[in-house]
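Heads up: the structure comes next, in structure tokens.
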Amino acid sequence: MTFTISRRIGKFVFDRRVVLLLVLAGLLVAARSWLATHPQHNPWAPLDLNDPKGWATQQKLVALRGDVATCRAVLASSEVGFRALEPAGEGDCRREDRTRLSSYPLSPDTPATTCPVAVAMELWRRDTLDPTAREIFGSEVTRIEHLGAYSCRRMYGREDGPWSEHATANALDIAGFVLADGTRISVLSDWQGEGDKQRFLRAVRDGACGAFSTVLSPDYNAAHADHVHFDMDSRWTSVCR
């Protein structure tokens, strides 16, 4: 009798294991199917700038920072117009990656930046800038005023110390915006106080933190009183101030 009970117990445990394996297999199939229809959450799917932001988007953006070819392939497959320019500069200001977006409302011109900056700019405009302008002002952003991307210098123009991300055009400084209805919003003039312009500037600053590695505004220090600095530093964590 004891031997018979022992055999039944062993069979019961085996059956539970089989059922568990079948359940896990079913969950794996369901997960793969769900990820296939939600590539923004799939860390193994290529980044597509037409997909909504997902759990894996930040990881994919980080991966582009050291891979120019893959980064430009993302722009191409996402149907974002750009030009790949020849490298330029020397030494610490050598710019191997010079990528210029073909259709982006920057003024006075559209400077060449690194490809990761170009990708982040597209995501920021799509996910934050345009929706925020429509929500607050009921108008589109037609011009983004900037203070430049490339500047062969160290941080804060010092004679020594770390090189600025601007030294390789891995950064962009935004000074203001002009809407389709003619409204102008200036970081220097409109950051302080409360109102629609102030709310807009803070919202587009905060939204940029999900796309760029570094976002520094007038809230950071006096050196940024007239612009918001965006860059794609190679660190894994984001700085947003």
Side-chain angles (χ1 to χ4, degrees), residues 47-53 57-58 60-61 64-65 67-88 95-137 139-151 165-187 200-201 203-217 224 226-233:
L47 178 63
D48 188 330
L49 302 185
N50 296 307
D51 290 336
K53 187 176 180 181
T57 301
Q58 192 65 34
K60 295 176 185 180
L61 288 173
L64 296 181
R65 296 177 195 170
D67 192 336
V68 177
T70 298
C71 182
R72 289 175 175 171
V74 167
L75 289 174
S77 63
S78 302
E79 299 183 345
V80 175
F82 71 96
R83 286 183 60 198
L85 304 181
E86 291 296 321
R95 290 166 288 155
E96 293 291 340
D97 175 10
R98 298 175 66 227
T99 303
R100 175 178 290 154
L101 292 173
S102 302
S103 179
Y104 204 89
L106 287 169
S107 177
D109 58 8
T110 301
T113 66
T114 61
C115 182
V117 168
V119 168
M121 287 164 61
E122 283 289 334
L123 290 177
W124 174 61
R125 180 172 64 166
R126 182 200 72 185
D127 294 338
T128 299
L129 189 61
D130 288 344
T132 303
R134 288 193 294 266
E135 176 187 350
I136 297 178
F137 299 104
S139 184
E140 301 287 334
V141 174
T142 57
R143 189 163 76 241
I144 303 171
E145 299 173 342
H146 71 90
L147 301 180
Y150 171 69
S151 177
E165 293 298 321
H166 285 287
T168 53
N170 197 35
L172 185 67
D173 291 341
I174 301 298
F177 308 87
V178 178
L179 306 183
D181 61 8
T183 300
R184 185 173 185 274
I185 306 164
S186 164
V187 174
F200 172 81
L201 288 173
V204 299
R205 185 271 312 270
D206 294 346
C209 299
F212 293 91
S213 299
T214 308
V215 178
L216 302 176
S217 71
H224 295 83
D226 63 349
H227 68 277
V228 180
H229 168 93
F230 299 149
D231 75 44
M232 289 301 280
D233 186 283

Considering only heavy atoms from C-beta outward, does the side chain of [X] approach that of [Y] to under 4.5 Å?
| X | Y | value |
| --- | --- | --- |
| Leu172 | Met121 | yes |
| Val228 | Val204 | no |
| Leu106 | Leu101 | no |
| Leu123 | Lys53 | no |
| Val187 | Glu145 | no |
| Val117 | Phe230 | no |

N/O donor-acceptor pair under 3.5 Å between [X] side chain and [Y] backbone:
| X | Y | value |
| --- | --- | --- |
| Arg205 | Val215 | no |
| Ser78 | Leu75 | no |
| Thr114 | Asn170 | no |
| Thr142 | Val178 | yes |
| Arg98 | Pro87 | no |

How many angstroms lie between [atom1] in [X] and [atom2] in [Y], if you round to the nearest 0.5 Å?
| X | Y | atom1 | atom2 | answer |
| --- | --- | --- | --- | --- |
| Asp130 | Glu135 | CG | CD | 13.0 Å |
| Asp51 | Arg126 | CG | CZ | 7.5 Å |
| Ser213 | Arg65 | OG | CZ | 3.0 Å |

Indicate the atoms forming the closest heavy-atom contact of Ala76 with Phe82, along with that distance. N-CE2, 3.9 Å
Indicate the atoms forming the closest heavy-atom contact of Ala211 with Ala120, along with that distance. O-CB, 3.6 Å
Under the side-chain contact (heavy atoms from CB on, under 4.5 Å) rule, what do Leu64 and Cys115 come out as? Steps first, then yes or no, please. CA-CA 8 Å; Leu64 296 181; Cys115 182; over 6 Å; no
Applying salt bridge (Lys or Arg N to Asp or Glu O under 4.0 Å) to Glu140 and Arg134, what does each step give before you reach the verdict? CA-CA 6 Å; Glu140 301 287 334; Arg134 288 193 294 266; 3.3 Å; yes
Determine the sole option in His146, His224, His166 for which the side chain to side chain donor-acceptor pair (under 3.5 Å) test with Asp173 is passed. His166
If the condition is side chain to side chain contact (heavy atoms under 4.5 Å, CB included), which residues does Ser186 pass it with, not counting sequence neighbours? Arg184, Leu188, Ser189, Asp190
